[in-house]
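Since the structure comes first, as C-alpha cells, the remarks are kept for the end.
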Protein chains: 2
Amino acid sequence: MTPQRQLVLDAVRHLQHATPEQTCQWVQRTAPTVNITTIYRTLDLLEELGLVRHTHLGHGAPTYSPDEHEHIHLVCHHCGAVETVPHEVLDDLAGTIRDRSGFELDSGHVGLSGACADCTERRRG
Amino acid sequence: MTPQRQLVLDAVRHLQHATPEQTCQWVQRTAPTVNITTIYRTLDLLEELGLVRHTHLGHGAPTYSPDEHEHIHLVCHHCGAVETVPHEVLDDLAGTIRDRSGFELDSGHVGLSGACADCTERRRG
DNA sequence: TTAAGTGCAAAGAGTTTGCAAATAA
DNA sequence: TTATTTGCAAACTCTTTGCACTTAA
C-alpha cells in the first residue's frame, strides 16, 4: 500500500460517490503531483481488493464508494437529482429474475432512472 | 422529414438496439456521405418526437430502439451478454418506489447489471 | 537488482459545438 | 427569401496505453 493508494482510499471514504476526477482533486490537495492515471489504476485495484465499488449513476463518469456503502440510487433524468433507497427493495425483483433465468442481479451497480417527485409534479403543472 | 432522417429511423427499426455508430454504418450503406453528427442530432430529434428511445446497456454507447420495443435488459458484467425480460417484472418495484418517495421509475432506460446464469455457474466451479 | 508502481504524453471512444454550404418552406 | 438542416473540423469528456523513471522488496 503506497502513499498514493492510501490517499485514494481515504478520498473515496471521505467523499462518498466521488468520480475519478473528484477523487483526483481531493488527493491533489495533499499530494499535488499525483496523476489522474494513478487514480484510475488505483480505483481499479481497490475494487479488485473489494475495498471500493463503483456505480453508474447516469451518462457521465461512474462514482466510487466504500464497499460497505451499498444502496440503490434513483437518478432523475430531468434534474439529475440522486435519491437513495435501501437495497432490500430490490430483493423481490432479484428473486423473480433469478427464478426466471438464473441471472444474479447486482442491485447497486447501476442507478435506476426516472423522474423525481418534484419533476413529476412540475410536469403535471 | 428529410431523407437522412428517414434513413436513421429505418436503421433503428431494422437494427434494434443499435448504437449511434452502428446506425451510422447502416445508413452509410445507402447514403455514404451522411455524417455521424447528423446521426446524433437525428436520434435526439426522433427521441423528442417519441419515435425512438435509448437505453444504457453498460459502459459503452447507448443503444436506440423503436419506441414500441420496451423491455428490461439484463446485462452480464462478466461476459457482456444481454437478456431481456418483460418490463412488467418491474411493476411491483416501481409501485414501491412511487409510494416511498414519489419517484417515477423509467424501467427500461437502464439495463440492470449482474451475472448471467452461465457466468454464475462458471464461478461456482 | 529485479519487480512493482508512478507520472507524463499521447491516443482512443463517444459526443458536442461552431460555422459555412446546401436545402426546404 | 428566410429558416432549417447538413457536413466538416475541431473540441471536449472520460479513459486507457506505452514508456521511461522511480521506488520498494
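Below, read A as the first sequence line, B as the second, and so on, with proteins coming before strands; counting in each chain starts at 1.
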- Please report, rounded to the nearest Å, how far the C1' atom of C:dT15 is from the CG atom of B:Leu43. 12 Å

- Between B:Thr38 (side chain) and B:Val34 (backbone), is there a donor-acceptor pair under 3.5 Å? no

- Message: Quick check on DNA chain C: between B:Met1 and B:Ile36, whose nearest nucleotide comes earlier from the 5' end?
- Response: B:Ile36

- When the distance from CG of A:Leu49 to C1' of C:dG5 is rounded to whole Å, what number comes out? 14 Å

- Message: Between B:Ser113 and B:His77, is the side-chain hydrogen bond (donor to acceptor under 3.5 Å, both in side chains) condition met? List the steps.
- Response: CA-CA 6 Å; B:Ser113 190; B:His77 53 217; 3.0 Å; yes

- Message: With a 6.0 Å cut-off (strictly less than), is the heavy-atom count around NE2 of B:His87, excluding the residue itself, greater than 12?
- Response: yes

- Message: Below the 4.0 Å mark, does D:dG7 have OP1 or OP2 next to a side-chain nitrogen or oxygen of B:Thr33?
- Response: yes

- Message: I'd like to know whether B:Arg100 forms a side-chain contact (heavy atoms from CB on, under 4.5 Å) with A:Val85, so could you lay out the CA-CA distance, the side-chain angles of the two residues, the decisive distance to 0.1 Å, and finally the verdict.
- Response: CA-CA 9 Å; B:Arg100 281 183 75 103; A:Val85 293; 3.9 Å; yes

- Message: Using a 4.0 Å heavy-atom cut-off, does A:Arg5 contact any base of the nucleic acid, only the sugar-phosphate backbone, or nothing at all?
- Response: sugar-phosphate

- Query: Between C:dG7 atom C1' and A:Leu7 atom CG, what is the distance in whole Å?
  - Reply: 15 Å

- Message: Please tell me if A:Asn35 has a side-chain N or O lying less than 4.0 Å from either OP1 or OP2 of C:dC8.
- Response: yes

- Item | A:Glu83 vs A:His73, side-chain hydrogen bond (donor to acceptor under 3.5 Å, both in side chains): CA-CA, chis, key distance, verdict | CA-CA 6 Å; A:Glu83 315 177 24; A:His73 301 86; over 6 Å; no

- Note on the structure: Quick note, B:Arg41 side chain, CB onward, closest among C:dT6, D:dT15, C:dC19 is C:dC19

- NE2 of B:His59 versus C1' of D:dC14: gap in Å, rounded? 13 Å

- Query: CG of B:Leu45 versus P of C:dT15: gap in Å, rounded?
  - Reply: 17 Å

- Task: Give the rounded distance in Å between these two atoms: CD1 of B:Ile39 and P of D:dG7.
- Result: 9 Å

- Item | Touch class at under 4.0 angstrom, heavy-atom based, for B:Thr37 against every strand present | base

- Query: Looking for any heavy atom pair under 4.0 Å, which part of the strands does A:Gln4 touch: base, sugar-phosphate only, or nothing?
  - Reply: sugar-phosphate

- Task: May I have the distance from A:Leu46 (atom CG) to C:dG5 (atom P), rounded to whole angstrom?
- Result: 12 Å

- Query: Expressed in angstrom and rounded to an integer, what is the separation of A:His54 atom NE2 from D:dC14 atom P?
  - Reply: 15 Å

- Query: For D:dT16, does either OP1 or OP2 sit under 4.0 Å from a side-chain N or O belonging to A:Tyr40?
  - Reply: no

- With a 4.0 Å cut-off on heavy atoms, is B:Pro62 in touch with a base, just the backbone sugar-phosphate, or nothing at all? sugar-phosphate

- Report yes if at least one side-chain N or O of A:Thr2 is closer than 4.0 Å to OP1 or OP2 of D:dT23; otherwise report no. no

- B:Thr38 side chain near D:dG7 phosphate (N/O to OP1/OP2, under 4.0 Å): yes

- Task: Mind checking A:Thr19 for me? I need base, sugar-phosphate or nothing, with any heavy atom below 4.0 Å counting as a touch.
- Result: nothing

